[in-house]
Number of protein chains: 2
Amino acid sequence: MEARVLDKQADGDVDIYWDFRRRLISAHFEPGLKLKPEELRLQYGCSASQLREILFRLSCDGLVEFQDNKGFKVPLASLELCNEAVEHRILIECEGARLSIEKGGLEWEAQMAAAHHKLAHVENKFEADQNSKELFDMWCECEWEFHETLISRCGSSLLIRKHRDIYDLHRMHMLAVSEGSGFRQDNIKEHLNILNAALDRDVEACQKGLANHLHKSG
Amino acid sequence: MEARVLDKQADGDVDIYWDFRRRLISAHFEPGLKLKPEELRLQYGCSASQLREILFRLSCDGLVEFQDNKGFKVPLASLELCNEAVEHRILIECEGARLSIEKGGLEWEAQMAAAHHKLAHVENKFEADQNSKELFDMWCECEWEFHETLISRCGSSLLIRKHRDIYDLHRMHMLAVSEGSGFRQDNIKEHLNILNAALDRDVEACQKGLANHLHKSG
DNA sequence: ATTCACGAAAATTTCGATATTTTTGTTTAA
DNA sequence: TTAAACAAAAATATCGAAATTTTCGTGAAT
């Protein structure tokens, strides 16, 4: 999460904005729930206007829904939107992976190995104790870091930003639809497949592994 | 422009928001220009807070830049960002075109023919009189309609939304970088190539024509 | 019993005033 | 002359109250 705070759109609301965003994509709010600035302000100790601004910004990415004179709410669980998000994420992430494989050097390989090492460690622990809230949060963070590292050498800051947007949207809808934690046993070997293909500089295998991984994620 | 007003994120600011967005992507504002809510309010007869909200929303799509305690401004012309926008647009539009070609029926073909007919008509007129502000605005509208129709049958509302976002971002940066109107002689036959490939259901030719068209656009 | 109309309550939107931060201009010291 | 310190002005951010819109509950008419 730390890395995200350093985003270019840093501002005074940074804590509230990112904290709220994190809670949204971690399914802390029930789909369909009304998000009233007047209530939320109490949790963050700021004014309703500020919350309104933040909610508007989140609505741009589809993380909250807005309707004129009806306010904001958590998007309803929608299998269709979830599928659209999956496909879009595959499109973006495969392109980012291809470019990274082409442009990335030894340093990138090392970062991939590091990210996967952390992820694999946490996934093995989480597999044993899937009720641990703490491990779940760690897994979310490591999963994000792995996928983000995969595309990090694509050379396009725009692609990286768009990837984060669709990653978050996909995660939110996935959790809303599946009602599980989003973790599957197969994750472990799927991530390994992706890592190996990336280190082998095998674009096709990497994209295939990615598409398979994401399709199964729901 | 009418079609866009019917966007899901309809609200009370709809006129101001879309009008301002249109002006941004039509290069009505000089890159780097400071956008002060306090000044802009006079043009729209509303409060500064409302403008601030709208500017925040536009900043989500990259159409305006925001810095904490420094306010908003029109993004500086950047060749690098323009190139990144081109590549991203190619990625999205090619995927949308592929899906439309696969899924679209006779109705879609007819809409493509209609959109191209209008576009070709305007392009020929605009070619003769490139100083006409009115024809330029018509061309912008027809160009958008043609490309939007091309992907309209992709089956994913998410892809369509993302396409609009990158289309606008690309157009804004293109106009900022090239300092021309964005219209080239070759546009006419490039659009025809794309139309023919689409009607022939030739995915590869269509994507190739699209990539060529967009690369040359800058 | 159902529908419609009306009014009260709640929620949302708008707004301008106040507080904070940044920028600008001036003076002073090195 | 340059740099630092300070003060004034401008710009930005925050906030809560007022205006508007929607929602909900009550009662009357079909």
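Lettering of chains follows the sequences in order, A, B, ..., and the numbering in each one begins at 1. Side-chain atoms are counted along with the backbone in the values below, which use heavy atoms only and exclude waters and symmetry mates.
Per the geometry, CG belonging to A/D68 stands 10 Å off P belonging to D/dT21, to the nearest Å. As a whole-Å value, the separation of A/K34 NZ from D/dT23 C1' is 10 Å. In this structure, A/Q67 places its CD atom 12 Å from P of C/dT12, rounding to the nearest Å. Atom CZ of A/F72 is separated from atom P of C/dT12 by 9 Å (rounded to the nearest Å). As rounded to whole Å, 14 Å separates atom P of D/dT21 from atom CZ of A/R52. Distance A/K36 NZ to C/dA10 P: 11 Å, rounded to the nearest Å. Taking atom CG of residue A/L51 and atom C1' of nucleotide C/dT12, one finds them 14 Å apart after rounding to whole Å. The CG atom of B/L55 sits 14 Å away from the C1' atom of D/dA11 (whole-angstrom rounding).
Looking at A/D137 and A/K133, a side-chain N of the basic residue comes within less than 4.0 Å of a carboxylate O on the acidic one, giving a salt bridge.
A donor-acceptor pair under 3.5 Å is absent between the side-chain atoms of A/S26 and the main chain of A/H28, judged by distance alone.
Residues A/E95 and B/H88 bring no donor and acceptor atom of their side chains to less than 3.5 Å of each other. A/E93 and A/H163 form a side-chain donor-acceptor contact under 3.5 Å, judged by distance and modelled atom types alone.
With C/dT13, C/dA11, D/dA13 as the candidates, the nucleotide lying closest to the side chain of B/F66 is D/dA13. Closest to the side chain of B/N69, from the set C/dT13, C/dT21, C/dT12, is C/dT21.
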Considering only nitrogen or oxygen atoms on both sides, find all protein atoms under 3.5 Å from nucleotides 15-18 of chain D and state each distance.
| residue | atom | partner | partner atom | Å |
| --- | --- | --- | --- | --- |
| D/dC15 | OP2 | A/S47 | N | 3.1 |
| D/dC15 | OP2 | A/S47 | OG | 3.4 |
| D/dC15 | OP2 | A/Q50 | OE1 | 2.6 |
| D/dG16 | OP2 | A/R41 | NH2 | 2.7 |
| D/dG16 | O6 | A/S49 | OG | 3.0 |

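Aromatic pair B/H213/B/H147: ring centres closer than 6.0 Å. Between B/F183 and B/F126, the distance from one ring center to the other falls under 6.0 angstrom.
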